[in-house]
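Structure, as structure tokens:
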Amino acid sequence: MISTKRLEEKWQKYWEDNKTFHAEIDKNKEKYYYLVEFPYPSGAGLHVGHVRSYTALDSLARKKRMQGYNVLFPMGWDAFGAPAEQYAIKNHIHPSIAVKENIKTFKAQIQRLGISFDWEREFSTTDPEYYKWTQWQFLQFFKKGMAYKAKKNINWCPKCKMGLSNEDSSGGVCERCGSQVVQKEKEQWVLRMSDYAQQLIDGLDDTEFQEKTKVAQINWIGKSTGAEVDFKLKQVDEKLTIYTTRPDTLFGVTFMVVAPEHPYIDLYGGLIKNMNEVIDYREQANKKSEFERTQLVKDKTGVKLDGLSAINPVNGKEIPIYISDYVMMNYGTGAIMAVPAHDARDYDFAKKFGIDIIEVIKGGDISKAAYTEDGEMVNSDFLNGFDNKKDSINKMIEYLEEKGIGRKKTNFKLQDWIFTRQRFWGEPIPLVYCEDCGWVPVDEKDLPVVLPNVAEYEPTDDGESPLARIPEFVNTTCPHCGKPAKRETDTMPNWAGSSWYFLRYMDPHNEKEFVSREALEYWGKVDWYNGGMEHATRHLLYARFWNQFLYNEGLVPNKEPFKVRASHGMILGEGGVKMSKSLGNVINPDEIVDAYGADTLRVYEMFIGDYEKEATWSEQGVAGAKRFLDKIVRLGEKVVDNNEYSKELEKDIHKTVKKVTEDMDSLKFNTAISALMILSNTMDKMDSITKADYRTFLHLLNPVAPHITEELNEEYNLGKPFCESTWPTYEESKLVDEEKTIAVQVNGKVRATINVNINDSDEVILEKALACDNVKKYTDGNEILKTIVIKGKIVNIVVKG
RNA sequence: GCGGGUAUGGCGGAAUUGGCAGACGCACCAGACUUAGAAUCUGGCGCCGAGAGGCUUGCAGGUUCAACUCCUGUUACCCGCACCA
């Protein structure tokens, strides 16, 4: 046989020459859309983790095609963003050139693996032909009022010199470089994602995501129900509105707290006697990063507003107001009512500042965390005696609404999406600022707004985009009135291009539309989307939001873009540690392909363990996969010219067809391969196998090891190439075992095994069981209390003593 | 703190969903072939025990003829989220 390298190249060429994996709309065939998250083509090249998910989906796609589906399985590149830009700055080349080089490397690496992507649909988010439509879609948001410019305190990474979304600065740390994020005021384009909070929760019902993914999204969106309550200020005719989930504890309110940024501080600064102290505190708080405010400083700080106080609306008592950084301006109303008896944070604060603590729920452990659950209400006037949280809350809301001092209210943690980056390497935002007309969208015919081809793309210290330094780019005319005007110089985050790439794959070369209606209707939803768990609250949420917006605008036919979402586990280095450059334990897939071949790498990674869990790399395991494939090659020497299954193998083959088919559908590649290993061991023990035996065996292995199986199929002249054949089927009737060995237990312990026939009655089986010598040993002289016969499975005899 | 998950031999992991725990692979041991090695083949391989046998799925209980699987409690680790009112 020819060498592994040559045969792999041979079949890769065959598939390419025959456009085997190219999909076209075909209304006579049922479609299936497999999608694997497109990679960021970094300079480091392909990782064995990529190989795992690509091979898994490739196997599924190959099988699905053989099962008669019209399979869409595309691949592209998510190439905007900071890493490419950093690389370009460091090496003094234009990011577009660096990106092209990296894509070339990645693509060659993927192609060596024989992944059945439809390369005719390939694109990069950085292609002007693609980002033209990203810009076009941004303009749809803009025109709908879904994009607005706001002066925002944004998460600012001082190292990357860039504004970050909440999602990108989770934990107060820059997602990219790990620096602590600080707050900086900046004008930003923002998408009204929070408007979609409820729809994003509801839409999950229309998906088949894993529970953990759904939960992660639901938690991130952070819905809470409660009430807004208006507290009158004593010194001025004004009310301070707060949000609470526990209006039933209103009688226990002994103070209020506003966020340092609360507008009332400036508005009523004249009444505040210790304004200097207050301003000082606010400045201190502002300097703190979100991380310091939330993680490090659990110790409560604050300043009492001297000269400004509020009235508790339910009992008329005067209560003090404090500012403290434990209240956030971006959630609720930026002000809270404090119930120190039943909330740990309020309790800490009250203890520190010597404020009254009034118990309103009996039995609540005052010093412990969070709001007390059920207990009898006390010190609460009309709520006294209520002993159920829900009823108390309803009663209070009813009271508040009646008096017009409060109302039921739902809040979400989900914030609007900060959509601008002060960077060069992103999609330019297609807006122009005109002194007379304000912000005006670029005419559609003038899209895309192309990134200029210059050498200056380093970020500036003042936080302006590098594009601002390029007069030819900045200066333009107003699309509306024609007067001189200036372009927006910020660019989009790299989550933009990935928010709709799955749509573009359906019709990637369309110059007139972002995708044709026909393609949208035919390819529909992504049936199976594989990606990392780390994207659950970012890419996956952004993409759903984006698609829901397009749906609401009538631009796409499905509100939810993805049906099933699966995620692969990470591959760790030997010893169970993360692969990293610094540890020097990164495995380059090329080296494995060179040494063992692509099929071996593929089989190994599919056999390594539970697909959804992390797995540890083992070179010895790779060698084991290679041994398995070598054994399969040797099996060919036993083939005799017969187109029926061997009698001895028929049942095993039918069972294996069933097992492999079902296991692959549920991502249990490891057990599918195990079943094939068992079958190969059985065949290996036989003197000869038939062509039919061998072909079906190779066919079942083909999705995972496509090259070697095609080659052997051809060499032994077994039939058409698998990629042009129909997936094997099994017959239920061939699965039944006539004879079976089952265990006999006495008092739950196995004492013997017996052979039973499928037609044996329970009585016959029991008789056989009782006849065993080793069973008699335990039953003789003992009273048999009970016998259990489970057909085809087990016999259990319960004896006394 | 809240939410989600995991726990099975020396290792990666199986277990028809309540029916012989440890499939399959790796590693290891012994043997065959070989001048030797590689490759390949045969056999062994959870723990204790010479053996009969006993014990064993993080730990402690429970349900059941029967529990890795169901229930209660508990421990450890991993991952999200987190002064969210």
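Quick caveat: nothing in here was measured; it's all calculated off a predicted structure.
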To the nearest Å, give me how far apart [atom1] ([X]) and [atom2] ([N]) are.
X: A:F669; N: B:rG13; atom1: CZ; atom2: P; answer: 16 Å
X: A:Q745; N: B:rA21; atom1: CD; atom2: C1'; answer: 12 Å
X: A:E612; N: B:rA14; atom1: CD; atom2: C1'; answer: 17 Å
X: A:K613; N: B:rA7; atom1: NZ; atom2: P; answer: 5 Å
X: A:K631; N: B:rC24; atom1: NZ; atom2: C1'; answer: 11 Å
X: A:I678; N: B:rU16; atom1: CD1; atom2: C1'; answer: 13 Å

> Taking N and O atoms by type only, does the side chain of A:K300 place a donor or acceptor under 3.5 Å from a partner on the base of B:rC83?
Replying inline: yes
> Does the base of B:rC81 carry an N or O that pairs as donor and acceptor with the side chain of A:N219 under 3.5 Å?
Replying inline: no
Is any side-chain nitrogen or oxygen of [X] closer than 4.0 Å to OP1 or OP2 of [N]?
X: A:R751; N: B:rC20; value: no
X: A:K212; N: B:rG5; value: no
X: A:K777; N: B:rG53; value: yes
X: A:K668; N: B:rA15; value: yes
X: A:Y243; N: B:rA85; value: no
X: A:N681; N: B:rG25; value: yes

Indicate, with a heavy-atom threshold strictly under 4.0 Å, whether [X] touches base, sugar-phosphate, or nothing.
X: A:E614; value: sugar-phosphate
X: A:K749; value: sugar-phosphate
X: A:I790; value: base

> With sequence neighbours left out, what residues match A:Y596 under ring-ring contact (aromatic ring centres under 6.0 Å, His included)?
Replying inline: none
>> Using 30° and 60° as the class boundaries, would you call the ring planes of A:H262 and A:Y264 parallel, tilted or perpendicular?
In response: perpendicular
> Parallel, tilted or perpendicular for A:W495 and A:Y542, by the 30°/60° rule?
Replying inline: tilted
Hey, can you pull the donor-acceptor pairs under 3.5 Å for the side chains in residues 222-229 of chain A, sequence neighbours left out?
from   : atom 1 : to     : atom 2 : distance (Å)
A:K223 : NZ     : A:Q198 : OE1    : 2.7
A:S224 : OG     : A:Y243 : OH     : 2.7
A:S224 : OG     : A:Y331 : OH     : 3.0
A:E228 : OE1    : A:R407 : NH1    : 2.9

>> Strictly by salt bridge (charged side-chain N to carboxylate O under 4.0 Å, His left out), give each pair with a member in residues 605-617 of chain A just once, sequence neighbours left out.
In response: A:D610-A:K613
>> Could you check whether A:W617 and A:Y604 have their ring centres less than 6.0 Å apart?
In response: yes
> Given Watson-Crick or G-U pairs with both distances under 3.5 Å, what dot-bracket string fits RNA chain B, with | for other-strand pairs and [ ] for crossing?
Replying inline: (((((((..(((......[....))).(((((.......))))).(((....)))..(((((..]....))))))))))))....
Interatomic distance at [atom1], [N] relative to [M], whole Å:
N: B:rC2; M: B:rG12; atom1: C1'; result: 33 Å
N: B:rG10; M: B:rG49; atom1: P; result: 15 Å
N: B:rU56; M: B:rG62; atom1: P; result: 14 Å
N: B:rG18; M: B:rC65; atom1: C1'; result: 12 Å

>> I'd like to know whether A:Y326 forms a side-chain hydrogen bond (donor to acceptor under 3.5 Å, both in side chains) with A:D346, so could you lay out the CA-CA distance, the side-chain angles of the two residues, the decisive distance to 0.1 Å, and finally the verdict.
In response: CA-CA 10 Å; A:Y326 85 90; A:D346 298 346; 2.8 Å; yes
>> To check you understand the geometry: which heavy-atom pair defines the closest contact between A:I393 and A:P247, and what is its length?
In response: CG2-CG, 3.8 Å
> Excluding sequence neighbours, so at least two apart, what forms side chain to side chain donor-acceptor pair (under 3.5 Å) with A:H654?
Replying inline: none
>> Keeping A:Q415 on the side-chain end and A:N330 on the backbone end, is there a donor-acceptor pair under 3.5 Å?
In response: yes
> Under a 4.0 Å heavy-atom cut-off, which of residues 616-629 of chain A touch RNA chain B?
Replying inline: A:Q620, A:G624, A:R627
